Amino acid sequence: MGILEVKGVRKTFGGVIANSDISLSVPEGKIIGLIGPNGSGKTTLFNSIVGYHPIDGGSIRFLAREISRLRVPQIARLGLIRTFQQTRIYGKMSCLQNMQISVPQTLQRWGLVMNKIPAEDTERAEGLLEFVGLYAKRHLFAGDLSFGQQKLLEFAMALMIRPRMLLLDEPTAGINPTLINALISRLRRVSTELGITLLVIEHNMRVIMDLAEYIYCLAHGELLAEGKPETIQNDQRVVDAYLGAH
Amino acid sequence: MSTPIMRTLFYASVVLLALAAPLLAPAFKTQMAFLWVMIVFALSWDILGGQMGYNSFGNILFFGVGMYACAIVQRDSGLDYFPALYVGMVTGAMVAVGFAAVLGSGMLGLRGHYFAIGTLGLGIAAGEFASGWDYIGAGSGLLTPLFPGEIGGRETFFYYLMFAIAAMTFPVLRWLYAGRFGLTINAIRDDEDKAEAMGIHTTLYKTAAWCTSAFFLGLTGAVVGNMIGFIDPRDVAFTGATYGVWMILMAILGGKGTLWGPVIGAVVFHVTQQLFWTYLLGWQRVALGLLIVIIVVFFPLGILGWARERWPERFGHKVQQDLKPVQGGK
(Lines give C-alpha, C1' and ligand atoms only; values in the text may rest on other atoms or scores of the structure.)
Protein backbone atom coordinates (compact mmCIF):
# COMPACT_ATOMS: atom_id res chain seq x y z
CA MET A 1 0.00 0.00 0.00
CA GLY A 2 1.61 3.25 -1.14
CA ILE A 3 1.32 6.68 0.45
CA LEU A 4 -0.61 7.75 -2.67
CA GLU A 5 -2.90 5.30 -4.46
CA VAL A 6 -4.59 6.42 -7.68
CA LYS A 7 -7.11 3.88 -9.03
CA GLY A 8 -8.99 4.07 -12.32
CA VAL A 9 -9.11 7.86 -12.40
CA ARG A 10 -11.07 9.34 -15.28
CA LYS A 11 -11.37 13.00 -16.16
CA THR A 12 -13.04 14.51 -19.21
CA PHE A 13 -13.43 18.11 -20.35
CA GLY A 14 -16.49 18.12 -22.57
CA GLY A 15 -15.67 15.52 -25.20
CA VAL A 16 -11.94 15.48 -24.51
CA ILE A 17 -10.81 12.54 -22.42
CA ALA A 18 -7.84 13.96 -20.50
CA ASN A 19 -7.36 10.98 -18.19
CA SER A 20 -8.83 7.58 -18.81
CA ASP A 21 -8.55 4.79 -16.24
CA ILE A 22 -5.22 5.93 -14.80
CA SER A 23 -3.86 3.91 -11.89
CA LEU A 24 -0.60 4.44 -10.12
CA SER A 25 0.90 3.77 -6.75
CA VAL A 26 3.55 5.83 -5.00
CA PRO A 27 5.39 4.05 -2.16
CA GLU A 28 6.38 6.18 0.83
CA GLY A 29 9.83 7.75 0.69
CA LYS A 30 10.45 6.98 -3.01
CA ILE A 31 10.96 9.24 -6.01
CA ILE A 32 8.51 8.36 -8.75
CA GLY A 33 8.53 9.87 -12.25
CA LEU A 34 5.63 10.76 -14.50
CA ILE A 35 6.45 11.33 -18.16
CA GLY A 36 4.60 11.66 -21.43
CA PRO A 37 4.42 13.88 -24.50
CA ASN A 38 2.77 17.31 -24.31
CA GLY A 39 -0.97 17.05 -23.85
CA SER A 40 -0.84 13.49 -22.55
CA GLY A 41 -2.67 14.39 -19.34
CA LYS A 42 0.11 14.63 -16.75
CA THR A 43 -0.85 18.01 -15.35
CA THR A 44 -4.53 17.08 -15.44
CA LEU A 45 -3.71 14.09 -13.27
CA PHE A 46 -1.81 16.37 -10.85
CA ASN A 47 -4.78 18.73 -10.73
CA SER A 48 -7.11 15.82 -10.02
CA ILE A 49 -4.91 14.55 -7.20
CA VAL A 50 -4.69 17.92 -5.41
CA GLY A 51 -8.41 18.57 -5.73
CA TYR A 52 -8.25 21.36 -8.30
CA HIS A 53 -11.21 19.86 -10.14
CA PRO A 54 -13.57 16.96 -9.36
CA ILE A 55 -12.79 13.65 -11.07
CA ASP A 56 -15.38 11.79 -13.14
CA GLY A 57 -14.53 8.35 -11.85
CA GLY A 58 -12.06 6.30 -9.85
CA SER A 59 -10.50 6.88 -6.46
CA ILE A 60 -7.53 8.76 -5.06
CA ARG A 61 -6.24 7.76 -1.65
CA PHE A 62 -3.55 9.60 0.30
CA LEU A 63 -2.32 8.09 3.58
CA ALA A 64 -5.10 5.51 3.17
CA ARG A 65 -7.73 8.26 3.13
CA GLU A 66 -10.02 9.00 0.17
CA ILE A 67 -9.24 12.57 -0.94
CA SER A 68 -11.01 12.82 -4.28
CA ARG A 69 -13.90 14.75 -2.71
CA LEU A 70 -11.77 17.14 -0.62
CA ARG A 71 -11.01 20.74 -1.61
CA VAL A 72 -7.56 22.09 -2.49
CA PRO A 73 -6.62 23.62 0.91
CA GLN A 74 -7.87 20.56 2.81
CA ILE A 75 -5.68 18.24 0.76
CA ALA A 76 -2.72 20.58 1.16
CA ARG A 77 -3.16 20.53 4.94
CA LEU A 78 -2.90 16.73 4.90
CA GLY A 79 0.69 17.25 3.73
CA LEU A 80 0.29 16.75 -0.01
CA ILE A 81 1.76 19.84 -1.69
CA ARG A 82 2.19 20.57 -5.38
CA THR A 83 4.31 23.05 -7.29
CA PHE A 84 3.12 24.62 -10.51
CA GLN A 85 4.41 24.23 -14.04
CA GLN A 86 4.09 28.00 -14.54
CA THR A 87 5.73 28.70 -11.17
CA ARG A 88 3.54 30.53 -8.70
CA ILE A 89 5.01 32.67 -5.95
CA TYR A 90 3.77 35.77 -4.13
CA GLY A 91 5.32 38.42 -6.38
CA LYS A 92 4.91 41.56 -4.27
CA MET A 93 6.26 40.00 -1.10
CA SER A 94 9.93 39.49 -0.28
CA CYS A 95 11.43 36.02 -0.65
CA LEU A 96 11.69 35.72 3.10
CA GLN A 97 8.01 36.60 3.52
CA ASN A 98 7.12 34.06 0.86
CA MET A 99 8.84 31.48 3.05
CA GLN A 100 7.45 32.72 6.37
CA ILE A 101 3.88 32.35 5.20
CA SER A 102 4.48 28.82 3.87
CA VAL A 103 4.14 27.03 7.19
CA PRO A 104 1.77 24.20 8.11
CA GLN A 105 -1.68 25.76 8.39
CA THR A 106 -3.22 23.90 11.26
CA LEU A 107 -5.83 25.56 13.40
CA GLN A 108 -3.65 25.14 16.47
CA ARG A 109 -1.57 27.90 14.95
CA TRP A 110 -4.62 30.16 14.69
CA GLY A 111 -3.48 31.77 17.92
CA LEU A 112 -0.35 32.86 16.10
CA VAL A 113 -2.40 34.89 13.65
CA MET A 114 -2.10 37.98 15.75
CA ASN A 115 1.50 37.43 16.80
CA LYS A 116 4.77 38.22 15.16
CA ILE A 117 6.36 35.55 13.02
CA PRO A 118 8.14 33.09 15.38
CA ALA A 119 11.94 33.34 15.29
CA GLU A 120 12.30 29.63 14.56
CA ASP A 121 10.18 30.03 11.40
CA THR A 122 12.45 32.81 10.20
CA GLU A 123 15.54 30.76 10.98
CA ARG A 124 14.24 27.75 9.10
CA ALA A 125 13.17 29.97 6.20
CA GLU A 126 16.66 31.43 5.98
CA GLY A 127 18.19 27.98 6.15
CA LEU A 128 16.04 26.74 3.29
CA LEU A 129 16.76 29.85 1.21
CA GLU A 130 20.43 29.07 1.71
CA PHE A 131 19.71 25.49 0.65
CA VAL A 132 18.37 26.67 -2.73
CA GLY A 133 20.96 29.45 -3.05
CA LEU A 134 18.65 32.43 -2.61
CA TYR A 135 19.75 33.63 0.82
CA ALA A 136 21.38 36.83 -0.45
CA LYS A 137 18.19 37.80 -2.25
CA ARG A 138 15.86 37.19 0.68
CA HIS A 139 14.72 40.83 0.91
CA LEU A 140 14.01 41.26 -2.80
CA PHE A 141 10.48 41.07 -4.14
CA ALA A 142 9.93 37.49 -5.27
CA GLY A 143 8.40 38.84 -8.49
CA ASP A 144 11.74 40.46 -9.40
CA LEU A 145 13.61 37.14 -9.46
CA SER A 146 14.35 35.34 -12.72
CA PHE A 147 12.07 32.48 -13.71
CA GLY A 148 14.58 29.85 -12.63
CA GLN A 149 15.08 31.51 -9.26
CA GLN A 150 11.31 31.70 -8.76
CA LYS A 151 11.19 27.99 -9.46
CA LEU A 152 13.79 27.39 -6.74
CA LEU A 153 11.89 29.67 -4.36
CA GLU A 154 8.68 27.77 -4.98
CA PHE A 155 10.53 24.54 -4.24
CA ALA A 156 11.88 25.99 -0.98
CA MET A 157 8.38 27.16 -0.03
CA ALA A 158 7.06 23.65 -0.59
CA LEU A 159 9.76 22.28 1.74
CA MET A 160 9.02 24.96 4.34
CA ILE A 161 5.55 23.55 4.83
CA ARG A 162 7.02 20.17 5.94
CA PRO A 163 4.97 18.08 3.52
CA ARG A 164 4.63 14.31 3.58
CA MET A 165 4.68 14.24 -0.20
CA LEU A 166 5.52 16.68 -3.01
CA LEU A 167 4.09 16.75 -6.51
CA LEU A 168 6.61 18.61 -8.66
CA ASP A 169 5.47 19.79 -12.09
CA GLU A 170 8.61 20.10 -14.26
CA PRO A 171 11.04 21.22 -11.53
CA THR A 172 13.95 21.74 -13.93
CA ALA A 173 12.16 23.64 -16.72
CA GLY A 174 13.82 27.04 -17.18
CA ILE A 175 16.72 26.26 -14.89
CA ASN A 176 20.18 26.46 -16.42
CA PRO A 177 22.03 23.18 -17.02
CA THR A 178 24.67 23.66 -14.32
CA LEU A 179 22.01 24.37 -11.73
CA ILE A 180 20.05 21.30 -12.83
CA ASN A 181 22.72 18.97 -11.44
CA ALA A 182 22.62 20.81 -8.13
CA LEU A 183 18.84 20.59 -8.12
CA ILE A 184 18.91 16.84 -8.73
CA SER A 185 21.18 16.33 -5.75
CA ARG A 186 18.90 18.55 -3.64
CA LEU A 187 15.84 16.56 -4.67
CA ARG A 188 17.67 13.38 -3.64
CA ARG A 189 18.61 14.90 -0.29
CA VAL A 190 14.98 15.91 0.25
CA SER A 191 13.99 12.32 -0.32
CA THR A 192 16.69 10.63 1.75
CA GLU A 193 17.27 13.14 4.55
CA LEU A 194 13.77 14.55 5.04
CA GLY A 195 11.90 11.41 3.99
CA ILE A 196 9.57 13.32 1.68
CA THR A 197 7.97 11.26 -1.07
CA LEU A 198 8.27 12.81 -4.53
CA LEU A 199 6.12 12.44 -7.63
CA VAL A 200 7.82 14.33 -10.45
CA ILE A 201 6.59 15.35 -13.90
CA GLU A 202 9.63 15.92 -16.09
CA HIS A 203 10.40 16.37 -19.78
CA ASN A 204 14.14 16.25 -19.36
CA MET A 205 14.82 12.53 -19.89
CA ARG A 206 18.35 12.65 -18.51
CA VAL A 207 17.04 14.14 -15.28
CA ILE A 208 14.12 11.80 -14.76
CA MET A 209 16.03 8.63 -15.69
CA ASP A 210 18.72 9.66 -13.21
CA LEU A 211 16.33 10.68 -10.44
CA ALA A 212 13.32 8.38 -10.44
CA GLU A 213 13.25 4.86 -9.10
CA TYR A 214 10.09 3.97 -10.99
CA ILE A 215 8.41 5.70 -13.92
CA TYR A 216 4.89 5.93 -15.28
CA CYS A 217 4.41 7.06 -18.87
CA LEU A 218 1.17 8.62 -20.12
CA ALA A 219 0.08 9.11 -23.72
CA HIS A 220 -3.27 10.33 -25.03
CA GLY A 221 -4.70 10.33 -21.52
CA GLU A 222 -3.92 6.68 -20.95
CA LEU A 223 -1.26 4.85 -18.99
CA LEU A 224 1.08 3.65 -21.73
CA ALA A 225 3.84 1.97 -19.76
CA GLU A 226 5.37 1.70 -16.33
CA GLY A 227 8.57 0.29 -14.96
CA LYS A 228 12.10 0.98 -13.85
CA PRO A 229 13.96 3.68 -15.80
CA GLU A 230 15.93 1.13 -17.87
CA THR A 231 12.76 -0.71 -18.84
CA ILE A 232 10.99 2.51 -19.83
CA GLN A 233 13.97 3.72 -21.84
CA ASN A 234 13.92 0.58 -23.95
CA ASP A 235 10.14 0.35 -24.32
CA GLN A 236 9.32 0.75 -28.01
CA ARG A 237 5.85 2.20 -27.28
CA VAL A 238 7.36 4.98 -25.15
CA VAL A 239 9.92 5.83 -27.82
CA ASP A 240 7.16 5.88 -30.46
CA ALA A 241 4.91 8.10 -28.34
CA TYR A 242 7.69 10.66 -27.93
CA LEU A 243 8.71 10.58 -31.57
CA GLY A 244 5.15 10.80 -32.80
CA ALA A 245 4.60 7.33 -34.28
CA HIS A 246 1.17 5.81 -33.70
CA MET B 1 12.39 56.71 11.51
CA SER B 2 15.16 54.18 11.47
CA THR B 3 15.74 53.65 15.17
CA PRO B 4 13.11 52.85 17.80
CA ILE B 5 13.89 56.10 19.63
CA MET B 6 13.34 58.19 16.51
CA ARG B 7 10.11 56.31 15.88
CA THR B 8 8.84 56.84 19.41
CA LEU B 9 9.69 60.55 19.18
CA PHE B 10 7.89 60.80 15.88
CA TYR B 11 4.72 59.12 17.15
CA ALA B 12 4.81 61.15 20.35
CA SER B 13 5.00 64.42 18.44
CA VAL B 14 2.11 63.39 16.17
CA VAL B 15 -0.01 62.56 19.22
CA LEU B 16 0.93 65.81 20.98
CA LEU B 17 0.13 67.87 17.91
CA ALA B 18 -3.22 66.08 17.51
CA LEU B 19 -4.10 66.67 21.16
CA ALA B 20 -3.17 70.36 20.98
CA ALA B 21 -4.83 70.99 17.61
CA PRO B 22 -8.27 72.12 18.92
CA LEU B 23 -6.51 74.71 21.10
CA LEU B 24 -4.24 75.90 18.29
CA ALA B 25 -6.98 76.21 15.67
CA PRO B 26 -10.34 76.31 17.46
CA ALA B 27 -12.21 77.42 14.33
CA PHE B 28 -11.34 74.22 12.47
CA LYS B 29 -12.35 71.59 15.04
CA THR B 30 -15.00 69.98 12.84
CA GLN B 31 -12.79 69.97 9.75
CA MET B 32 -10.00 68.41 11.79
CA ALA B 33 -12.39 65.83 13.23
CA PHE B 34 -13.26 64.91 9.66
CA LEU B 35 -9.57 64.55 8.91
CA TRP B 36 -9.50 61.69 11.42
CA VAL B 37 -12.66 60.28 9.82
CA MET B 38 -10.91 60.32 6.43
CA ILE B 39 -7.82 58.62 7.86
CA VAL B 40 -9.94 55.81 9.30
CA PHE B 41 -11.80 55.55 5.98
CA ALA B 42 -8.60 55.15 3.99
CA LEU B 43 -6.94 52.80 6.49
CA SER B 44 -9.96 50.52 6.77
CA TRP B 45 -10.52 50.42 3.00
CA ASP B 46 -6.88 49.51 2.48
CA ILE B 47 -7.17 46.31 4.55
CA LEU B 48 -9.05 44.68 1.67
CA GLY B 49 -8.31 47.00 -1.22
CA GLY B 50 -4.57 47.35 -0.69
CA GLN B 51 -3.32 44.53 1.50
CA MET B 52 -5.66 41.79 0.26
CA GLY B 53 -6.27 42.91 -3.32
CA TYR B 54 -10.06 42.90 -3.05
CA ASN B 55 -11.34 46.24 -4.31
CA SER B 56 -14.50 46.85 -2.35
CA PHE B 57 -16.81 49.60 -3.55
CA GLY B 58 -19.36 48.82 -0.87
CA ASN B 59 -17.48 49.44 2.40
CA ILE B 60 -19.74 52.45 2.91
CA LEU B 61 -22.37 49.88 3.87
CA PHE B 62 -20.63 49.25 7.21
CA PHE B 63 -20.34 52.97 7.85
CA GLY B 64 -24.07 53.47 7.33
CA VAL B 65 -25.02 50.37 9.28
CA GLY B 66 -22.93 51.51 12.25
CA MET B 67 -24.46 54.97 12.06
CA TYR B 68 -28.04 53.68 12.07
CA ALA B 69 -27.45 51.03 14.73
CA CYS B 70 -25.96 53.62 17.09
CA ALA B 71 -28.77 56.11 16.45
CA ILE B 72 -31.39 53.46 17.14
CA VAL B 73 -29.74 52.57 20.45
CA GLN B 74 -29.63 56.27 21.36
CA ARG B 75 -33.28 56.68 20.42
CA ASP B 76 -34.71 53.56 22.05
CA SER B 77 -32.43 52.60 24.96
CA GLY B 78 -33.67 55.28 27.38
CA LEU B 79 -30.13 55.79 28.70
CA ASP B 80 -28.52 59.18 29.34
CA TYR B 81 -26.65 60.85 26.48
CA PHE B 82 -23.13 59.55 27.07
CA PRO B 83 -23.92 55.98 28.14
CA ALA B 84 -26.32 55.70 25.20
CA LEU B 85 -23.66 57.03 22.82
CA TYR B 86 -21.00 54.60 24.01
CA VAL B 87 -23.36 51.61 24.01
CA GLY B 88 -24.52 52.75 20.58
CA MET B 89 -20.97 52.95 19.24
CA VAL B 90 -20.17 49.43 20.41
CA THR B 91 -23.47 48.18 19.00
CA GLY B 92 -22.81 49.95 15.71
CA ALA B 93 -19.39 48.34 15.39
CA MET B 94 -20.74 44.89 16.31
CA VAL B 95 -23.67 45.07 13.89
CA ALA B 96 -21.30 46.17 11.12
CA VAL B 97 -19.00 43.22 11.92
CA GLY B 98 -22.04 40.93 11.83
CA PHE B 99 -22.97 42.23 8.39
CA ALA B 100 -19.40 41.69 7.16
CA ALA B 101 -19.31 38.15 8.52
CA VAL B 102 -22.60 37.17 6.90
CA LEU B 103 -22.08 38.98 3.59
CA GLY B 104 -18.42 37.98 3.45
CA SER B 105 -19.11 34.27 3.20
CA GLY B 106 -20.96 34.92 -0.06
CA MET B 107 -19.35 38.04 -1.52
CA LEU B 108 -15.73 37.04 -0.87
CA GLY B 109 -16.19 34.03 -3.13
CA LEU B 110 -16.24 36.54 -6.00
CA ARG B 111 -12.90 37.67 -7.39
CA GLY B 112 -11.49 40.69 -9.17
CA HIS B 113 -14.00 42.81 -11.04
CA TYR B 114 -16.91 40.66 -9.96
CA PHE B 115 -16.23 41.43 -6.32
CA ALA B 116 -15.98 45.16 -7.11
CA ILE B 117 -19.29 45.19 -8.95
CA GLY B 118 -20.99 43.01 -6.36
CA THR B 119 -19.98 45.28 -3.49
CA LEU B 120 -20.98 48.37 -5.47
CA GLY B 121 -24.46 46.83 -5.64
CA LEU B 122 -24.43 46.22 -1.88
CA GLY B 123 -23.81 49.89 -1.09
CA ILE B 124 -26.53 51.11 -3.42
CA ALA B 125 -29.04 48.50 -2.26
CA ALA B 126 -28.42 49.47 1.38
CA GLY B 127 -29.27 53.12 0.67
CA GLU B 128 -32.47 52.18 -1.12
CA PHE B 129 -33.41 49.75 1.61
CA ALA B 130 -32.84 52.29 4.40
CA SER B 131 -34.91 54.95 2.67
CA GLY B 132 -37.87 52.59 2.57
CA TRP B 133 -37.81 51.27 6.13
CA ASP B 134 -40.07 53.24 8.51
CA TYR B 135 -38.50 51.89 11.70
CA ILE B 136 -35.30 53.80 10.94
CA GLY B 137 -37.06 56.89 9.65
CA ALA B 138 -37.21 55.87 5.99
CA GLY B 139 -36.60 58.72 3.54
CA SER B 140 -37.14 61.46 6.10
CA GLY B 141 -34.13 60.33 8.11
CA LEU B 142 -33.27 60.14 11.79
CA LEU B 143 -32.27 62.87 14.24
CA THR B 144 -29.58 62.04 16.77
CA PRO B 145 -30.03 63.36 20.34
CA LEU B 146 -28.84 66.86 21.21
CA PHE B 147 -25.41 67.14 22.80
CA PRO B 148 -25.93 68.09 26.47
CA GLY B 149 -22.74 70.12 27.10
CA GLU B 150 -22.08 73.83 26.69
CA ILE B 151 -21.73 75.58 23.33
CA GLY B 152 -18.50 74.63 21.54
CA GLY B 153 -18.03 71.59 23.77
CA ARG B 154 -19.71 69.38 21.21
CA GLU B 155 -17.08 70.02 18.52
CA THR B 156 -14.23 69.50 20.98
CA PHE B 157 -15.76 66.29 22.29
CA PHE B 158 -16.25 64.75 18.84
CA TYR B 159 -12.82 65.87 17.72
CA TYR B 160 -11.20 63.91 20.55
CA LEU B 161 -13.54 60.96 20.10
CA MET B 162 -12.66 60.68 16.41
CA PHE B 163 -8.98 61.14 17.20
CA ALA B 164 -9.25 58.28 19.69
CA ILE B 165 -10.74 55.99 17.04
CA ALA B 166 -8.06 56.88 14.48
CA ALA B 167 -5.37 56.53 17.15
CA MET B 168 -6.71 53.03 17.83
CA THR B 169 -7.07 51.99 14.18
CA PHE B 170 -3.49 52.73 13.16
CA PRO B 171 -1.61 50.69 15.79
CA VAL B 172 -4.09 47.82 15.54
CA LEU B 173 -3.51 47.58 11.78
CA ARG B 174 0.23 48.03 12.20
CA TRP B 175 0.24 45.13 14.61
CA LEU B 176 -1.98 42.94 12.40
CA TYR B 177 0.13 43.62 9.28
CA ALA B 178 3.35 42.77 11.12
CA GLY B 179 2.19 39.24 11.94
CA ARG B 180 0.83 36.23 10.16
CA PHE B 181 -2.45 37.98 9.40
CA GLY B 182 -0.69 40.58 7.27
CA LEU B 183 1.43 38.02 5.43
CA THR B 184 -1.60 35.87 4.74
CA ILE B 185 -3.77 38.60 3.23
CA ASN B 186 -0.75 39.76 1.18
CA ALA B 187 -0.39 36.21 -0.10
CA ILE B 188 -4.07 36.17 -1.05
CA ARG B 189 -3.52 39.44 -2.94
CA ASP B 190 -0.53 38.12 -4.87
CA ASP B 191 -1.88 34.68 -5.78
CA GLU B 192 -4.98 33.29 -4.13
CA ASP B 193 -4.79 29.96 -5.97
CA LYS B 194 -1.27 29.45 -4.71
CA ALA B 195 -2.36 30.34 -1.17
CA GLU B 196 -5.06 27.67 -1.39
CA ALA B 197 -2.60 25.15 -2.77
CA MET B 198 -0.41 25.86 0.28
CA GLY B 199 -3.30 25.02 2.59
CA ILE B 200 -4.06 28.54 3.82
CA HIS B 201 -7.56 29.02 5.26
CA THR B 202 -8.32 31.70 2.70
CA THR B 203 -12.05 32.10 3.38
CA LEU B 204 -11.46 32.48 7.10
CA TYR B 205 -8.79 35.15 6.65
CA LYS B 206 -10.74 37.04 4.00
CA THR B 207 -13.80 37.21 6.20
CA ALA B 208 -11.72 38.21 9.22
CA ALA B 209 -10.15 41.02 7.18
CA TRP B 210 -13.51 42.34 6.07
CA CYS B 211 -14.83 42.16 9.63
CA THR B 212 -11.84 44.20 10.85
CA SER B 213 -12.58 46.80 8.21
CA ALA B 214 -16.28 46.80 9.15
CA PHE B 215 -15.48 47.22 12.84
CA PHE B 216 -13.65 50.52 12.37
CA LEU B 217 -16.13 51.79 9.79
CA GLY B 218 -19.09 50.93 12.04
CA LEU B 219 -17.47 52.78 14.93
CA THR B 220 -16.76 55.80 12.73
CA GLY B 221 -20.27 55.77 11.30
CA ALA B 222 -21.72 55.85 14.80
CA VAL B 223 -19.68 58.96 15.64
CA VAL B 224 -20.20 60.75 12.32
CA GLY B 225 -23.99 60.35 12.62
CA ASN B 226 -23.78 62.28 15.90
CA MET B 227 -21.34 64.85 14.54
CA ILE B 228 -23.71 65.73 11.72
CA GLY B 229 -26.78 65.36 13.93
CA PHE B 230 -29.08 64.14 11.20
CA ILE B 231 -29.02 60.85 9.32
CA ASP B 232 -30.25 60.85 5.76
CA PRO B 233 -30.15 57.39 4.18
CA ARG B 234 -28.49 58.45 0.92
CA ASP B 235 -26.71 61.71 1.75
CA VAL B 236 -25.24 60.93 5.15
CA ALA B 237 -25.30 57.20 5.83
CA PHE B 238 -24.88 55.26 2.58
CA THR B 239 -22.96 57.93 0.69
CA GLY B 240 -21.44 55.73 -1.97
CA ALA B 241 -20.73 58.60 -4.39
CA THR B 242 -18.80 60.74 -1.89
CA TYR B 243 -17.29 58.95 1.13
CA GLY B 244 -17.56 55.59 -0.60
CA VAL B 245 -15.40 56.77 -3.50
CA TRP B 246 -13.16 59.01 -1.43
CA MET B 247 -11.98 56.20 0.82
CA ILE B 248 -10.74 54.33 -2.24
CA LEU B 249 -9.17 57.43 -3.73
CA MET B 250 -7.32 58.41 -0.57
CA ALA B 251 -5.83 54.94 -0.18
CA ILE B 252 -4.72 54.93 -3.83
CA LEU B 253 -3.37 58.48 -3.64
CA GLY B 254 -1.16 57.69 -0.66
CA GLY B 255 -0.15 54.25 -1.86
CA LYS B 256 -2.35 51.25 -1.35
CA GLY B 257 -0.96 48.21 0.37
CA THR B 258 1.28 50.28 2.65
CA LEU B 259 0.67 51.24 6.26
CA TRP B 260 1.39 54.96 5.94
CA GLY B 261 0.06 55.39 2.41
CA PRO B 262 -3.62 55.70 3.34
CA VAL B 263 -2.76 58.15 6.14
CA ILE B 264 -0.72 60.37 3.80
CA GLY B 265 -3.38 60.07 1.11
CA ALA B 266 -6.15 61.04 3.52
CA VAL B 267 -4.27 64.11 4.77
CA VAL B 268 -3.37 65.31 1.26
CA PHE B 269 -6.87 64.65 -0.03
CA HIS B 270 -8.69 66.26 2.87
CA VAL B 271 -6.56 69.39 2.87
CA THR B 272 -6.79 69.77 -0.91
CA GLN B 273 -10.51 69.26 -0.77
CA GLN B 274 -10.97 71.88 1.96
CA LEU B 275 -8.90 74.34 -0.11
CA PHE B 276 -11.07 73.68 -3.17
CA TRP B 277 -14.21 74.35 -1.17
CA THR B 278 -12.74 77.60 0.14
CA TYR B 279 -11.03 79.05 -2.93
CA LEU B 280 -12.79 77.40 -5.89
CA LEU B 281 -16.38 77.54 -4.68
CA GLY B 282 -18.67 76.66 -7.54
CA TRP B 283 -15.91 74.73 -9.26
CA GLN B 284 -14.99 72.52 -6.32
CA ARG B 285 -16.49 69.37 -7.88
CA VAL B 286 -14.69 69.97 -11.15
CA ALA B 287 -11.40 70.49 -9.34
CA LEU B 288 -11.99 67.33 -7.31
CA GLY B 289 -12.77 65.37 -10.48
CA LEU B 290 -9.59 66.69 -12.06
CA LEU B 291 -7.60 65.70 -8.99
CA ILE B 292 -9.00 62.16 -9.25
CA VAL B 293 -7.95 61.90 -12.89
CA ILE B 294 -4.47 63.21 -12.11
CA ILE B 295 -4.05 60.71 -9.26
CA VAL B 296 -5.07 57.75 -11.38
CA VAL B 297 -3.03 58.74 -14.44
CA PHE B 298 0.20 60.00 -12.85
CA PHE B 299 0.28 58.20 -9.49
CA PRO B 300 -1.27 54.80 -10.11
CA LEU B 301 0.94 53.43 -7.33
CA GLY B 302 0.30 56.36 -4.99
CA ILE B 303 2.81 58.58 -3.23
CA LEU B 304 4.42 55.86 -1.11
CA GLY B 305 4.06 53.22 -3.81
CA TRP B 306 5.91 55.50 -6.22
CA ALA B 307 8.65 56.15 -3.67
CA ARG B 308 9.04 52.44 -3.03
CA GLU B 309 9.29 51.69 -6.74
CA ARG B 310 11.87 54.43 -7.17
CA TRP B 311 14.06 53.74 -4.14
CA PRO B 312 13.49 50.07 -3.28
CA GLU B 313 16.71 49.97 -1.19
CA ARG B 314 15.32 52.59 1.19
CA PHE B 315 12.50 50.16 1.96
CA GLY B 316 14.87 47.27 2.59
CA HIS B 317 14.43 45.45 -0.74
CA LYS B 318 18.08 44.82 -1.58
CA VAL B 319 20.57 42.05 -2.03
CA GLN B 320 22.25 41.30 1.29
CA GLN B 321 25.41 39.31 0.99
CA ASP B 322 26.81 40.23 4.38
CA LEU B 323 25.25 37.79 6.83
CA LYS B 324 25.07 34.04 6.58
CA PRO B 325 22.78 31.88 8.67
CA VAL B 326 24.38 29.92 11.47
CA GLN B 327 23.53 26.60 9.85
CA GLY B 328 22.98 25.84 6.21
CA GLY B 329 20.94 23.06 4.69
CA LYS B 330 17.69 21.99 6.24
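In this text the structure is predicted, and so the values were computed from the model without any measurement. In the text below, chain A, chain B and the rest are named by the order of the sequence lines, each starting its count at 1.
- In this structure, chain B has no heavy atom under 4.5 Å from any part of R186(A).
- Nearest approach of R82(A) to K194(B), heavy atoms of both residues: O-NZ, 4.5 Å.
- Across all non-hydrogen atoms, the minimal contact from M93(A) to A187(B) is SD-N, 3.6 Å.
- Contact annotation for V50(A): neither backbone nor side-chain heavy atoms come within less than 4.5 Å of a heavy atom of chain B.
- Heavy atoms closer than 4.5 Å to chain B are found in the side chain of I161(A), but not in its backbone.
- Residues R180(B) and V103(A) are in side-chain contact: their nearest non-hydrogen atoms beyond the backbone lie under 4.5 Å apart.
- Summarising the local packing, CZ of F99(B) is surrounded by 12 or fewer heavy atoms from other residues, nucleotides or ligands at distances under 6.0 Å.
- More than 12 heavy atoms of other shown residues, nucleotides or ligands fall within 6.0 angstrom of atom CZ in R88(A).
- Chain B forms more heavy-atom pairs under 4.5 Å with one residue of S94(A), A76(A), P73(A) than with any other, namely P73(A).
- In this structure, F147(A) places its CZ atom where more than 12 heavy-atom neighbours from other residues, nucleotides or ligands lie under 6.0 Å away.
- Proximity of a side-chain donor or acceptor of R77(A) to a complementary backbone N or O of G199(B) within less than 3.5 Å is detected.
- Counting only heavy atoms from C-beta outward, the side chains of V72(A) and D193(B) never approach each other to under 4.5 Å.
- R162(A) CZ: 12 or fewer foreign heavy atoms inside a 6.0 Å radius.
- Between A195(B) and Y90(A), the shortest heavy-atom distance links the atoms CA-OH, 3.3 Å.
- If you measure heavy-atom distances from L159(A) to chain B, you find no contacts under 4.5 Å at all.
- Applying side-chain contact (heavy atoms from CB on, under 4.5 Å) to K92(A) and the options D190(B), N186(B), D191(B) leaves one that passes, D190(B).
- Within 6.0 Å of the CD atom in E309(B), the count of heavy atoms belonging to other residues, nucleotides or ligands does not exceed 12.
- More than 12 heavy atoms of other shown residues, nucleotides or ligands fall within 6.0 angstrom of atom CZ in R111(B).
- Heavy atoms of A158(A) lying under 4.5 Å from chain B belong exclusively to its backbone.
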>> Assess the residue pair F141(A) and R308(B) against the criterion (side chain to side chain contact (heavy atoms under 4.5 Å, CB included)); give the C-alpha distance rounded to whole Å, side-chain angles, the decisive distance to 0.1 Å, and a yes or no.
In response: CA-CA 12 Å; F141(A) 280 134; R308(B) 189 162 71 169; 4.1 Å; yes
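- By the neighbour-count criterion of 12 heavy atoms within 6.0 Å, atom OH of Y52(A) is sparsely surrounded, having that number or fewer from other residues, nucleotides or ligands.
- A 6.0 Å sphere centred on CZ of F299(B) holds no more than 12 heavy atoms belonging to other residues, nucleotides or ligands.
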